[in-house]
Protein chains: 2
Amino acid sequence: MQDDQLDGHDRRILKVLQRQGRITNQELAEQIGLSPAACWRRVKALEASGVIKRFAALVDPARVGQPLCALVMITLRRHSLDSTTDFEERVTRYPEVLQCYATTGNADFVLRVVIEDMAAYDRFLNEKLFTLPGISQVHSNFVLRAIKDETAIPMP
Amino acid sequence: MQDDQLDGHDRRILKVLQRQGRITNQELAEQIGLSPAACWRRVKALEASGVIKRFAALVDPARVGQPLCALVMITLRRHSLDSTTDFEERVTRYPEVLQCYATTGNADFVLRVVIEDMAAYDRFLNEKLFTLPGISQVHSNFVLRAIKDETAIPMP
DNA sequence: ACTGAAAGTCGTTGCAT
DNA sequence: ATGCAACGACTTTCAGT
């Protein structure tokens, strides 16, 4: 749904805001070469149209007691619409599941789970993931190290 | 490196700021039941200590012309320290690679790539990924749909 | 759609507790 | 580590181009 055209000003605004979400409107306006009022209206329009989904503080997981991260490949038993939507609804509610993608390839879904330690991951599997309907295979790959962890979409 | 203790106030601040990164300090202070000055000092301390890595605008990839997403599983040929660090340094510089993790399991690295279309992905593989030293296997799994895409770390 | 200025709100600091 | 108070800076709106 790429209805609205973004011009160079919008793209530069997004480029800056993706890295400095709390920059003042004045400073942003200066950097992109627009008056504060014009810049402010563009930012509001980008928010209202959903190009900017929201603003967020990015937190270091290890520093808040969640140093363990796993990529979980999941295959469903039969691909009925019911079990799939049920799976998706429940997975969405688990706060330790930060990302969940339906993918091509061997797995039906790939999850990124951020959690306290192995004991907590064991509980996550037994009490949450394994209770989901229609699960066939679960492969847990643990993250040894994050080489890169970025949220900024590249701007053309 | 979890040196500093976070109390309930800090955790509540982080909980709110992860969802509303641009909330005013006054409103935040109200929500967590602290004076604006005390709240402000805590936020600054969380930023300075690195618990908050940064603030960011979260942008919808499809709305800025990058609707394609792939999870790429990569195996290196020999696991010499040289080729590994070289691989990591170069992958970090590619803006279309948003995430790169070293993992346990079959793959050595898992990448999340956000890109314009298949032609651009083809170029990414040939001009960037395949030119990296020591690559043995590359498995591209395309994201059919994002069921969940969250940045907020769960707060205990 | 932009600029410039006006009015209102907020961030930020210093001081006292 | 907290609250209060004051100043300066910023956001936000509106009239005019």
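Since the model is a prediction, treat every value here as computed from it, not as a measurement. We name chains A, B, ... by the order of the sequence lines, and we start the count at 1 in each one.
- A distance-only check finds no donor-acceptor pair linking the side chain of D122(B) to the backbone of M118(B) [under 3.5 Å].
- Distances shown here put a side-chain N or O of R42(A) below 4.0 Å from the OP1 or OP2 atom of dC2(C).
- Taking each heavy atom of P36(B) and N25(B) in turn, the nearest pair found is O-ND2, 2.9 Å.
- A donor and an acceptor atom, one from each side chain of T103(B) and R145(A), are nowhere located under 3.5 Å apart.
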- Going 5' to 3' along nucleotides 11-17 of chain C, which nucleotides have protein heavy atoms under 4.0 Å from the base (write B), which only from the sugar-phosphate (write S), and which from neither (write -)? SSBB---
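- Identified under the side-chain hydrogen bond (donor to acceptor under 3.5 Å, both in side chains) test for residues 111-120 of chain A, with sequence neighbours left out: Q99(A)-R112(A), R112(A)-Y101(B).
- Minimum interatomic distance between C100(A) and F109(A) (heavy atoms only, all atoms of both residues): SG-CD2, 4.1 Å.
- The CD1-C1' distance, from I32(B) to dT2(D), rounds to 12 Å in whole Å.
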